[in-house]
Amino acid sequence: MFSACEKDDETFERTRLFSPVLTQEGLMSEENTIFVNLGDFKEAEYYTVEVSRDTFQTTDYTIESDTSFVQIDEELIGEELLWNTIYQIRAKAHADNPEYDSEIAELGNVRTQRFPTILNLPEKHDVIDTAARVSWETAGSPVTGVQVFAGEDENLEEEPLLDEFPVSQEDRDAGEVVIKGLDPDTEYQIAIYSEDELRGWAAYTTREGLPEGENVIDLRGEEDDPEILYNMLADGNYNEGSIILLKRGMTYEFPEGPTIEKSVEIRSGYDLIPEMATLEYTQKHKGFNIADVNVGSIVFNEVAIKGPYDGSFLFYLNSEGALGEVRYENCQIGPLRGGLRINEGAGTIDEITFNNTIVDSIESYNLVYMQGSDWTINDVHINNSSFSKIGSSFIRSSNSNDTRSVIIENSTFFEVAEAGNHILNWDNSDVNVTDGVILRNNIFGRGWNKAGEEDYGIKGYNNLPDTNFSVDNNWGTGDLELYSDDIPGFPSSVYDGDSHDLWVDPDNLDFNIRDGSFGGSRNAGDPQWRDEL
């Protein structure tokens, strides 16, 4: 006699639904309609889809759908989505019992397309403080008028702020018109029309007003004397804290390096042309210096600086004193023999800053070189900038004094540090960067072989025995070869391709991303080259 036991049916505790996921089609847009393609959950009764423009600090639309495909348009939400706008989408799946609803899934970003238009998007030089150049492709019906709306009137639903600007036949032939009478530091929507037909619109943000007051020296209306700026600086013919405005597109010549005794800012004024004012060293000389005094700050703002490749420096200190800050803001630098070089003397520079600046072709003396002297540089801060063809090391020191901090972030590097040299080279093993070196959100391409050979190998850092390195989200290209003295944790990630695979034309300073699959395209490198959604 045999007996058998029947196995009890297994039971499982019910759990909440999985969070929604996108199908292969994912998030898509067509004109100003968004399509959300969710995976279809058999157990889901319906889905809630939420839409935002500010990463859900606020929610623009909440949609309930009994299908996993959602088409977001005027018919569904009662109004048109904005054109050329990034929206964030998230979703939740609902069960027959709310206890088992899914968690909210953040599905990502999607941009609606640009309104079909002949209007050109404005370049930086198309907008100044009180005026904007509006240009278009001369196609179809002639453009007859331009209207200016408030910046927040993104669908052009309110009354225009100004009377309509008529477009002359000359303007139509040129395909552009200059709109004047705008307020500084203000966002506008500017639209073009062919009679009553809207032909397109775009956001324009005017620049902040230029500084005014007794300390502003405006050279834009002066005779085109190429040495007027040099003579003013060399003679000290300006007040402490002066701001000197230069004429865009003009070259200001420097036969010698001026010695600065007082704080000064040198900047291009505004004009609707792309060329900055240029400071050009016409002879081989050492560049800017300070007198044996304390100088609060020297600022170069939106100027180009260049000189003989084999015999000029950005700045050359060989004095006694102190300099609070030397700052390069929105500048284009190079070619030069060397960057900022401290040769001899004694003193302190509190901070050296490069921001929104492009530096190309520093022949042999580093971007910053703290040579054998008794000067101390407290802080070096490099941000939102691009560097190409920097000879020797990027930053070098042979001083006997510590540096307080080195911060290098949000920047792009190609052929920086000459083959066989260090990115950061401290000759003296007894000194450190006391608050540490920070490297974050950068992209580094290959090193620079000036002989044209294919050895691009460079080194990480030299000495700095007690210096802490903080490294985050730094990418290296496949041809970045660090063959010794590695910086701990650098690079954070490696792109599977070389410098020319990643960038459009790095040899000619075009660091726009060629490879759309690059993982750092939206959060690494100089922001001006980053991919937009």
TODO: Could you pull out the closest heavy-atom pair between Val416 and Phe387, with the gap in Å?
DONE: CG2-O, 3.5 Å
Open item on the list: Check this for me: Asp496, atom CG, are more than 12 non-hydrogen atoms of other residues, nucleotides or ligands nearer than 6.0 Å?
Closed with: no
TODO: Please determine if Lys459 forms a cation-pi arrangement with Tyr483, meaning its NZ or CZ atom is less than 6.0 Å from the six-membered ring centre and no more than 45° off the ring axis.
DONE: no
Task: Basic-acidic side-chain contact under 4.0 Å: Glu481, Arg446 - done: no
Open item on the list: Looking at Arg267 and Glu302, is there a salt bridge between them, counting it only when a charged N and a carboxylate O are closer than 4.0 Å?
Closed with: no
Open item on the list: To the closest 0.5 Å, what do you measure between CG (Asp526) and CG (Asn410)?
Closed with: 8.5 Å
TODO: Determine whether Trp529 and Thr412 make a side-chain contact, defined as any pair of heavy atoms from C-beta on separated by less than 4.5 Å.
DONE: yes
TODO: Can you spot which of Asp505, Val504, Asp510 makes a side-chain contact (heavy atoms from CB on, under 4.5 Å) with Asn508?
DONE: Asp505
Open item on the list: Within the 4.5 Å heavy-atom criterion, are Phe511 and Pro506 side-chain neighbours or not?
Closed with: yes
Open item on the list: With ring-ring contact (aromatic ring centres under 6.0 Å, His included) as the rule and sequence neighbours excluded, what pairs involving residues 205-227 come up?
Closed with: none
Task: Side chain to side chain, Val433 and Asp402, heavy atoms closer than 4.5 Å - done: no
TODO: Look at atom NZ of Lys306 and say whether more than 12 heavy atoms of other residues, nucleotides or ligands are closer to it than 6.0 Å.
DONE: no
- [ ] Just do the ring-ring contact (aromatic ring centres under 6.0 Å, His included) check on Phe469 and Tyr461 with the steps written out, would you?
- [x] CA-CA 11 Å; Phe469 285 82; Tyr461 75 106; 4.6 Å; yes
Task: Sole residue of Phe414, Trp475, Phe490 in ring pair (Phe, Tyr, Trp, His ring centres under 6.0 Å) with Phe444 - done: Phe490
Open item on the list: Could you check whether Lys247 pairs with Asp224 (Lys NZ or Arg NE/NH1/NH2 to Asp/Glu carboxylate O, under 4.0 Å)?
Closed with: yes
TODO: Answer yes when Asp427 and Arg396 have at least one side-chain N-carboxylate O distance shorter than 4.0 Å, and no when they do not.
DONE: yes
TODO: Indicate, with yes or no, if the rings of Tyr365 and Phe313 have centres closer together than 6.0 Å.
DONE: yes
Open item on the list: Between Arg53 and Asp60, does any side-chain N to carboxylate O distance fall below 4.0 Å?
Closed with: yes
Task: Check: Asn473 and Asn523 side chains under 4.5 Å, non-hydrogen atoms - done: yes
Open item on the list: Would Glu265 and Ser242 count as a side chain to side chain contact (heavy atoms under 4.5 Å, CB included) here? Give the steps.
Closed with: CA-CA 6 Å; Glu265 178 177 346; Ser242 287; over 6 Å; no
Open item on the list: Please determine whether side chain to side chain contact (heavy atoms under 4.5 Å, CB included) holds for the pair Thr59 and Arg90, giving the CA-CA distance in whole Å, both sets of side-chain angles, and the decisive distance to 0.1 Å.
Closed with: CA-CA 10 Å; Thr59 300; Arg90 65 187 184 187; 4.3 Å; yes
Open item on the list: Does any part of the side chain of Val406, heavy atoms only, come nearer than 4.5 Å to the side chain of Ile408, both counted from C-beta?
Closed with: yes
TODO: State whether Asp310 and Lys284 are salt-bridged, where the test is any N-O pair (Lys NZ or Arg NE/NH1/NH2 against Asp/Glu carboxylate O) under 4.0 Å.
DONE: yes
TODO: For ring-ring contact (aromatic ring centres under 6.0 Å, His included), just list the numbers for Phe300 and Phe354, CA-CA rounded to whole Å, side-chain angles, deciding distance to a tenth of an Å, and then say yes or no.
DONE: CA-CA 10 Å; Phe300 300 87; Phe354 292 86; 10.0 Å; no
- [ ] Please find out if less than 6.0 Å separates the ring center of Phe315 from that of Tyr328.
- [x] no
- [ ] Working to the nearest 0.5 Å, report the span between CG of Asp507 and OG of Ser388.
- [x] 7.5 Å
Open item on the list: So that I can tick it off, tell me whether Arg404 and Asp379 are bridged by a salt bridge, with the cut-off set at under 4.0 angstrom between side-chain N and carboxylate O.
Closed with: yes
Open item on the list: Does any part of the side chain of Val380, heavy atoms only, come nearer than 4.5 Å to the side chain of Ile395, both counted from C-beta?
Closed with: yes
Task: Ionic contact status for Asp126 with Arg133, cut-off 4.0 Å - done: yes
Task: Check ion pair Arg248-Glu275 (N to O, under 4.0 angstrom) - done: no
Open item on the list: For the NZ atom on Lys180, are there more than 12 heavy atoms of other groups (residues, nucleotides or ligands in this structure) within a distance under 6.0 Å?
Closed with: no
- [ ] Indicate yes or no for a side-chain donor-acceptor contact from Asn425 to the backbone of His422 under 3.5 Å, with no hydrogens or angles considered.
- [x] no
Task: Backbone N/O of Asn401 and side chain of Asn399: donor-acceptor pair under 3.5 Å - done: no
Open item on the list: Just to verify, which of Leu317, Val368, Thr376 counts as forming a side-chain contact (heavy atoms from CB on, under 4.5 Å) with Ile349?
Closed with: Leu317
TODO: Can you measure from CG (Leu182) to OG1 (Thr130) and round to the nearest 0.5 angstrom?
DONE: 7.0 Å
